[in-house]
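Computation of the quantities below employed the complete heavy-atom set of this structure, encompassing side-chain atoms and omitting hydrogens, waters and symmetry-equivalent molecules. Proteins come first, then strands; the chains are lettered A, B, ... in the order of their sequence lines, and each starts at number 1. Just so it is clear, the model here is predicted, and its values are computed rather than measured.
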Amino acid sequence: MSLPAPDANNHETVVEHQFGPRAAAYLTSAVHAQGEDLNQLVAIARTRPAARLLDLGCGGGHVGFSVAPHVAEVVAYDLSAAMLDQVAQAARQRGLGNLTTRRGAAEQLPFEDQSFDLVFSRYSAHHWQDVPAALREARRVLRPTGRLVIDDVVAPERPLLDTHLQAFELLRDPSHVRNYSVSQWQALLSTAGFEPDGVMRRRLFLDFASWVERMQTAAVHVAAIRSLQIEVSAEVKAHFDIQADGSFTIDTAVVEASPH
Amino acid sequence: MTDTKSDPGSNVDPKLLEILVCPLTKGPLRYDPAAGELISDRAGLAYPIRDGIPIMLVDEARPLDSDPITDALPPR
C-alpha cells in the first residue's frame, strides 16, 4: 500500500508529506530521544547558560527539550507544521516556558543578524535542499562569539560505501536529499564563513524493523533495501555490519564550528 | 478548517517577536493583532500565525494587496 501522492511535488511538500503523519513516532523514538550525541549537545549548551539557542530543523524537538533547562531561551524551528505542533504541546507539558516554535525553511531564516549564541542542528541537514545557503544563514544569525553544531548521519568517505548509504536512505525516505561526509562538512563550513574546530564520530545501530516502521516505508522499497543488502559486496556488508534481519550500523558525527 | 486559519486576537508576546524578521528581506515585521498576521511592509507580505506558531514561509504568506480571507493560503 503506497501513500496518496502529495498535491504538489516540490521538495518542501514531500518533506511535509513524509514527516507530518509521523510526528508522534519521532517524539517517542529512542534513536531520536536519547544518545551520546544528544548528551554532547547538552554539555555544550551547559557552558552557555545565558544563551539564546536555535534548534534548526528541530523535528521531534529532542534537542530543544534537552537543552532548554540549561540555556536562557530556545527557538525550535522546522519546516513541518505537524512536528512543530507536537513540539509546542510537549514543551507545555514539560513546563519548558523558554522554548518557542517558529516555522520556516533552513535556507531562509526569519531571524535578525547575530541574534543567537548557539545554533544546533541534529538529524536534519540531510533534508536540506541547499546546505550552502542554510550554513550562510546560520552564520548570519550567529553572534561572532557563537557556535554552530551540526549532528547528523555522515557518509563514508569511500564512494562505494557512500553510494550504498544514499541509496538505502532514499528508498526508505523519498524526501532524503544527501548525507555528507565529514570532509565535505568541513569544506562546506569553511566556505560559509566558519572555522570547523571539532569532530566527534560515532556509530549508530539501527534496528531494521523500527527504522522502516518509523517512516512507514512502502513495502516495495523495504524489499528493495533488503535485496540490495543481500547483493552488495562484502566490503559494504562489513562496513555497515548488515545483520540477517536487515539491521545495520551507520556513521554519525557531531561537527562543531565557530564563525571566522 | 480552524487549524488552517490565522488566529486573530491570540496572545503574541512582543518579546518573542523581537528577533523575528522577514525571511525574504530580513527587514522588520509588525504584528497586526486584528488579522493575527506578521506584516513585512518591504516584501508586501503578511505571514500568518497558526496555533500560536508564526509561519515564516514566503510560499504561505499573503500578498498585502490581496483579500485577507480568500487568499490567506495558496491553493492546495
Applying a strict 4.5 Å limit to non-hydrogen atoms, the region of L29(B) in contact with chain A is neither

Assess whether a salt bridge exists between K26(B) and D113(A), defined as any Lys/Arg side-chain N lying under 4.0 Å from an Asp/Glu carboxylate O. no

Given Q166(A), E169(A), H127(A), the one that forms side-chain hydrogen bond (donor to acceptor under 3.5 Å, both in side chains) with H176(A): Q166(A)

Which residue out of A105(A), A81(A), P110(A) racks up the most heavy-atom pairs below 4.5 Å with chain B? P110(A)

Any side-chain to backbone donor/acceptor pair from H221(A) onto L171(A)? Under 3.5 Å, distance only. yes

Give a yes or no on whether a salt bridge exists between D197(A) and R147(A), defined as a side-chain N under 4.0 angstrom from a carboxylate O. yes

Can you tell which part of E107(A) gets under 4.5 Å to a heavy atom of chain B, answering side chain, backbone, both or neither? neither

